[in-house]
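What you see is a predicted model; the values in this text were computed from it and never measured.
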Amino acid sequence: MTIRLIMERYTGKEVSQLLNLHRETVSIYVKTFNQYGMDGLVTRQYSTGKPAYLTQEEKEELRRMILESTPEKEGFGIDANWDTRVIQHVIYEKFSVTMSRSGIYRMLTGMGLSYTRPTYTLAKADQNEQKQFLQDMEMVKKTSRAI
């Protein structure tokens, strides 16, 4: 529509007022049309965005490490589970890349991983003893309030 109005001898200012566009936008459309023709106006060029911090191979290596091992087994401290603090250290040591912890969280989410806090269960614990302990604890709470 813009180019058609220009071809009908409307000025850029008039076209911008008629179509409620900024004057510079009309100017860009006209320059694009003059340089590339109608195809230049139809084709959209999108930014490729900021490059990723890690390559796809590095992400795959990190993913494998997180899924199949622990920080302790990989030689990164005594931690038994992965968290963003530990992963931040691993990324810096292995790939010489500095990333924020929130950026690491977003990257992990993009890799299909989710962060959950580890929960510990005592596999050898006796269920009856645990129930008895909870009952005893409730009794202690009730009697300690009375004092």
Peer 1: Answer yes or no: does atom CG of L134 have more than 12 heavy-atom neighbours from other residues, nucleotides or ligands under 6.0 Å?
Peer 2: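 Check passes, neighbour count above 12.
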Peer 1: How long is the gap from CD1 on I104 to CE on M111, to the nearest 0.5 Å?
Peer 2: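 Here the rounded value is 11.0 Å.
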Peer 1: Would you sort out whether M107 and M99 count as a side-chain contact (heavy atoms from CB on, under 4.5 Å), showing the intermediate values?
Peer 2: CA-CA 10 Å; M107 179 185 68; M99 287 182 72; 4.1 Å; yes
Peer 1: Which pair of heavy atoms, one from L54 and one from K59, lies closest together, and at what distance?
Peer 2: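 Heavy-atom minimum between the residues: O-CE, 3.8 Å.
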Peer 1: Identify, with sequence neighbours excluded, every residue that meets salt bridge (charged side-chain N to carboxylate O under 4.0 Å, His left out) alongside R85.
Peer 2: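 R85: salt bridge (charged side-chain N to carboxylate O under 4.0 Å, His left out) contacts with D79, D83.
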Peer 1: Of the options E58, R63, E57, which is the one that meets E60 in a side chain to side chain contact (heavy atoms under 4.5 Å, CB included)?
Peer 2: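 By the side chain to side chain contact (heavy atoms under 4.5 Å, CB included) criterion, E60 pairs with just one of E58, R63, E57: R63.
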Peer 1: Looking only at non-hydrogen atoms, find the nearest pair between V140 and T143 and report the distance.
Peer 2: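 Answer, listing the atom of V140 first, then T143: O-OG1, 3.1 Å.
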Peer 1: Taking everything shown except F33 itself, do over 12 heavy atoms lie less than 6.0 Å from its CZ?
Peer 2: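 Enclosed.
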Peer 1: List the steps, then state whether side-chain contact (heavy atoms from CB on, under 4.5 Å) holds for N81 with T70.
Peer 2: CA-CA 6 Å; N81 52 39; T70 64; over 6 Å; no
Peer 1: Decide yes or no on side-chain contact (heavy atoms from CB on, under 4.5 Å) for V90 and E74, but give the supporting numbers first.
Peer 2: CA-CA 9 Å; V90 170; E74 294 292 330; over 6 Å; no
Peer 1: About how many Å separate CD of Q88 and OG of S100, when rounded to the nearest 0.5 Å?
Peer 2: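 Answer for the OG-CD pair, S100 versus Q88, is 7.5 Å.
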Peer 1: Minimum heavy-atom separation for P71 to A80, with atom names?
Peer 2: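 That would be CD-C, 4.2 Å.
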Peer 1: I87 versus L108: any side-chain heavy-atom pair under 4.5 Å?
Peer 2: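 Contact flag for I87/L108 side chains = yes.
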Peer 1: Is it the case that over 12 heavy atoms from other parts of the model lie below 6.0 angstrom from the OH atom of Y53?
Peer 2: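 Result for OH/Y53: open.
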Peer 1: Checking E138 side chain against Q135 main chain: does a donor-acceptor pair fall under 3.5 Å?
Peer 2: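 Here the side-chain-to-backbone pair does not exist.
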Peer 1: Output all residues satisfying salt bridge (charged side-chain N to carboxylate O under 4.0 Å, His left out) with K94, sequence neighbours left out; order by chain, then residue number.
Peer 2: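 K94 satisfies salt bridge (charged side-chain N to carboxylate O under 4.0 Å, His left out) with E61 once adjacent residues are dropped.
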Peer 1: May I ask you to check whether D136 and Q132 show a side-chain donor-acceptor distance below 3.5 Å?
Peer 2: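 Judged by distance alone, the side chains do pair up.
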Peer 1: Give, for atom CH2 of W82 and atom CD1 of I66, the distance between the pair rounded to the nearest 0.5 Å.
Peer 2: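 One gets 6.0 Å once the value is rounded to the nearest 0.5 Å.
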Peer 1: For residues Y105 and V97: do they belong to one hydrophobic cluster (side chain heavy atoms under 4.5 Å, members Ile, Leu, Val, Met, Phe, Trp, Tyr)?
Peer 2: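 Cluster IDs for Y105 and V97 differ.
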Peer 1: Would L67 end up clustered with M65 when hydrophobic side chains under 4.5 Å apart are linked, directly or stepwise?
Peer 2: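 Yes, same cluster.
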Peer 1: Could you give me the CA-CA distance, side-chain angles and deciding distance for Y29 and L21, then say whether side-chain contact (heavy atoms from CB on, under 4.5 Å) is met?
Peer 2: CA-CA 11 Å; Y29 289 163; L21 294 172; 4.2 Å; yes
